[in-house]
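Step one of this worksheet: look at the structure below.
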Protein chains: 2
Amino acid sequence: MTQVVVNGHASTLDEVARLAGVSKATASRALNGRSKVSAKAQAAVVDAARELGYTPNGAARSLVMQRTGSVAVILPESDERVFSDPFFARMLHAVARSLRERDLQLVLLLAQPGDEDRMLLYLRGRYVDGAIVASHHRDDRLAEHLSDLGLPCVFIGAPWIGAERVPVVDSDNAGAAAQAVRVLIDGGRRTIATIAGPRDMRAGHDRLAGWRQELDAAGLDSNRVAHGDFTEHSGTTACAELLDADGGGDIDGIFAASDLMALGAMRELGARGIRVPDDVAIVGYDDLGVAERTQPPLTTLRNPIDQMVTEAVRLLVEAIAQGGRGAPRRVVFVPELVRRDTV
Amino acid sequence: MTQVVVNGHASTLDEVARLAGVSKATASRALNGRSKVSAKAQAAVVDAARELGYTPNGAARSLVMQRTGSVAVILPESDERVFSDPFFARMLHAVARSLRERDLQLVLLLAQPGDEDRMLLYLRGRYVDGAIVASHHRDDRLAEHLSDLGLPCVFIGAPWIGAERVPVVDSDNAGAAAQAVRVLIDGGRRTIATIAGPRDMRAGHDRLAGWRQELDAAGLDSNRVAHGDFTEHSGTTACAELLDADGGGDIDGIFAASDLMALGAMRELGARGIRVPDDVAIVGYDDLGVAERTQPPLTTLRNPIDQMVTEAVRLLVEAIAQGGRGAPRRVVFVPELVRRDTV
DNA sequence: ACCGATGGTGGAATCGATTCCACCGCTGCT
DNA sequence: AGCAGCGGTGGAATCGATTCCACCATCGGT
């Protein structure tokens, strides 16, 4: 950083142009490089800009370009959850990488319940070119609001309300859960419980549905269900609940809707001296790191987050380029089974 | 939401004014309410605005007001850490609350190593009115850059470089660590080890220094040190390292530089059949929730995050109001000892 | 020697808000 | 009756960039 702020205020294009001895128009062209500028003028402008420490004023630029160069990631989720669920960390990491490649700035908006109005005001003020929304609850009307707003957006995971009005990138939660059940059945398990996610979240709901459907299809019992909230602790609690219920001792297979809950369950099983996979086989969901490190390593379904995010960013950039006039598209990825040692 | 986008584009103040039958000037005054407007005009404008679903264009507004109404929180930290350390969750929660009261929008910028230049570009583009920076490493030059930039900012935790050039809100890490040591000594402990944080982070460095200083002052050994990275897992590892070192069996007190590391250490002690606090007393640091839930509940130092954040936001708002011309101030909070059952 | 293409350039319009300033019609006081 | 004062109003300037458009050289081709 060699440039210095010359006087109190940030320097403007006008000053750069004056110092370089050209017009504002030429200075702008020289710095943006879209149009032809003589080598002499080019050099003069670049030098002047460096000397003054010039950076274009974002507001002025957005005003005329109708673009800001930044996109929002919206997480309508309590911040405890955002900061405890590895899903978000992985997702944001992928989004950041993906946006970087396209020279866009990531702006993270935490939509606390109640703070939603301010956030919508921000979005309507066009401070960002588009938004990626991930994980939200049953009563969330964000999809409708964004659609009304005409702001380009992509949802990761289908919203409950208004899903048909916005582009969605999703994974086949139900199909994946069915896959998990099939593996357990193929492994000879017959009394298969599930530790489900929250009922008011798509992922929780669909994974439970898939589990149930596959068991019903196989003519097996599908009433051993305990709900958690995707955290390790809730997995432990839910597992205890399952084991302590009527006939809980018969359980020989568990499908947990997240690896963290599977981990919690394994702790509970271990505490009771129940062996995995000898006595009870277990399949998790996510494969974001924890699954490899459990004892024994966890068989799980790989949540295709990176692929989903890449696709979401692609769709968003497309939507922005078209001015948000494209038809809502829908892309679904299929999680892959990762066999380890718990089944 | 009753308003509708009438045609393809977002509506402008000009359209609102036309519909209300007044001039742009009056419309603006009616909506912002700083100046007197007749009741009739007022009503007409408000109605028109609602009917058109008008929201002011952020770029245009920032351009003339020289304010954006949003401030950045910058976390120069790998995203794994941001999303695993409860410190950040708590901090962001407090920041969000504090900004909400002042009608400011929080914009979170994740400064991945390597992505820093883009972030600086964003800040120089004046997309935000100010920035709060938390937790950064030894070689981070952010303080200098921000100071050069003239962008109002406040650091939570003093940076290694350029701390004298920016306002800082800090906590007395060294003093708190000394306090922890004193409690252990007062409890009759004589062989006191520490599980320190990373050397290249202020909090890690200062807590270690405080521990050492207090032990030296008491004439006790200060060479039982193992380093972790504030995570639970690293606490377990570090604890094992301490116990396995020469004379590790003599240890009767441990100061861990974070509650998570203390928790990890307690797991390791438990695994070895060492009782807490009977055989080894332990003091943690942070008190952000985990400490209450350990077995037994952890004696620790309460990191005054909420107070620090409140003060930081206050200072930032002040700096923004003054156009960043105030002298760099420095405020230090003193962590409070929370006695529980591990000492 | 004249006539298009170019390649560069600067003036002016534009984006959408806020706000200064001049002005207008009242009221109320002398 | 005349004039100061004030509540309200609209025209125009302003913020700082991009870009259209008109214009001027210069160059090559007939």
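As the structure is a computational prediction, the values presented were derived from the model and not from experiment. The figures that follow rest on heavy atoms only: side chains count, while hydrogens, waters and symmetry mates do not. The sequence lines fix the lettering, A, B, ..., with proteins before strands; numbering per chain opens at 1.
Looking only at side-chain heavy atoms (C-beta outward), B:E51 and B:V16 stay at 4.5 Å or farther from each other. Side-chain contact between A:L13 and A:N57 is absent, with no heavy atoms from C-beta onward closer than 4.5 Å. Proximity of A:Y127 to B:S62: side-chain heavy atoms (C-beta onward) are separated by under 4.5 Å at one or more points.
A rotation axis mapping the C1' atoms of four pairs onto the next four is fitted at both ends of the helix from C:dA1-D:dT30 to C:dT30-D:dA1 over five pairs, and the angle between these axes is 60° to 10 degrees.
Every residue two or more places apart in sequence or in another chain was checked for a salt bridge (charged side-chain N to carboxylate O under 4.0 Å, His left out) with A:D14, and none qualifies. When the salt bridge (charged side-chain N to carboxylate O under 4.0 Å, His left out) test is applied to A:R100, the partners found at least two apart in sequence or on another chain are B:D115.
The two atoms that bring A:L99 and A:V313 nearest to each other are CD2-CG1, 4.0 Å, heavy atoms only. Across all non-hydrogen atoms, the minimal contact from A:V128 to A:L151 is O-CD1, 3.8 Å. Nearest heavy-atom pair, A:L63 versus B:A60, reported as atom, atom and distance to 0.1 Å: CD1-CB, 3.7 Å.
For the pair A:R165 and A:D148, the salt-bridge criterion is met [side-chain N within less than 4.0 Å of a carboxylate O]. Salt bridge annotation for B:E144-B:R141: present, with a cationic side-chain nitrogen under 4.0 angstrom from a carboxylate oxygen.
Across A:I132, A:V309, A:V73, a single residue satisfies side chain to side chain contact (heavy atoms under 4.5 Å, CB included) together with A:L92, and that is A:V73.
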Produce the list of close N/O pairs, under 3.5 Å, pairing protein atoms with atoms of nucleotides 23-25 of chain D; give distances to one decimal.
none

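Here the side chain of B:D170 pairs no donor or acceptor atom with the backbone of B:V332 at under 3.5 angstrom.
Contacts of A:S28 with the nucleic acid, taken as non-hydrogen atoms under 4.0 Å apart, include base atoms.
In 5' to 3' order, the nucleotides of DNA chain C bounding all contacts with chain A (an atom under 4.0 Å from a heavy atom) are C:dG8 to C:dG16.
Scanning residues 55-67 of chain B for heavy-atom distances under 4.0 Å to DNA chain D yields B:L63, B:V64, B:Q66.
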